[in-house]
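Numbering of residues begins at 1 and proceeds along the displayed sequence. Predicted, not measured: the structure shown is a model, and the values here were computed from it.
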Amino acid sequence: MKNPRYKVGDFVRFFCKYQNENVTGEIINIRQAHLNWDYEVRYQIHTDLDYVQWVAAEYIIDKIKR
């Protein structure tokens with residue numbers, strides 16, 4: 001994988017398309033998508049006790065300090 005902009009353990013603010021709002025969470029995994037239509041870097045973000053989702057790098061707004 002090329003140099004990802006964020007790393008595991010970073011807290012970031014991103015646009016959640018399911019809730020239609022900006023959400024804060026912690027990156028817990030990073031992967032390179034390998035489908036023909038999707039070569040983006042994806043970040044797995046843990047937002048609360050039960051909810052984890054994969055987010056494209058373009059939806060991450062900024063890194064926040066905790």
Side-chain angles (χ1 to χ4, degrees):
M1 178 182 331
K2 295 180 182 177
N3 297 330
R5 185 183 311 170
Y6 306 100
K7 56 187 175 191
V8 173
D10 285 349
F11 285 89
V12 294
R13 183 174 41 208
F14 67 98
F15 178 75
C16 178
K17 62 183 179 181
Y18 304 112
Q19 297 176 3
N20 199 25
E21 64 183 12
N22 293 338
V23 180
T24 302
E26 179 184 6
I27 296 175
I28 59 173
N29 196 1
I30 301 172
R31 73 170 167 87
Q32 179 78 37
H34 295 291
L35 301 174
N36 291 337
W37 51 270
D38 185 6
Y39 288 102
E40 301 278 329
V41 173
R42 299 286 180 172
Y43 297 91
Q44 188 175 27
I45 300 178
H46 180 261
T47 57
D48 59 27
L49 293 176
D50 297 325
Y51 195 65
V52 174
Q53 73 182 50
W54 288 97
V55 177
E58 62 197 37
Y59 290 114
I60 296 179
I61 299 166
D62 61 354
K63 180 178 171 181
I64 59 173
K65 298 194 180 215
R66 272 224 154 159

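- Between Val12 and Lys63, the shortest heavy-atom distance links the atoms CG1-CA, 4.1 Å.
- Val8 meets the side-chain contact (heavy atoms from CB on, under 4.5 Å) test with Ile30; sequence neighbours excluded.
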Ile28 and Val52: side-chain contact (heavy atoms from CB on, under 4.5 Å), yes or no, with the steps? CA-CA 9 Å; Ile28 59 173; Val52 174; 4.0 Å; yes

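- Under the salt bridge (Lys or Arg N to Asp or Glu O under 4.0 Å) criterion, Lys17 pairs with no residue, sequence neighbours left out.
- A 6.0 Å sphere centred on CZ of Phe15 holds more than 12 heavy atoms belonging to other residues, nucleotides or ligands.
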Taking distance alone, no hydrogens or angles, what donor-acceptor pairs closer than 3.5 Å link side-chain atoms of residues 18-27 to residues at least two apart or in another chain?
none

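- Annotation: side chain to side chain donor-acceptor pair (under 3.5 Å) contacts of Gln53 (sequence neighbours excluded): Tyr51.
- The two residues Trp54 and Asn29 have their closest heavy-atom pair at CH2-ND2, 3.7 Å.
- Every residue two or more places apart in sequence or in another chain was checked for a ring pair (Phe, Tyr, Trp, His ring centres under 6.0 Å) with Phe14, and none qualifies.
- Partners of Arg5 by side chain to side chain donor-acceptor pair (under 3.5 Å), not counting sequence neighbours: none found.
- Here OH of Tyr6 is found 9.0 Å from CD1 of Ile45. Values are rounded to the nearest 0.5 Å.
- Pro4 has its side chain within reach of Tyr43: a pair of non-hydrogen atoms, C-beta onward, lies under 4.5 Å apart.
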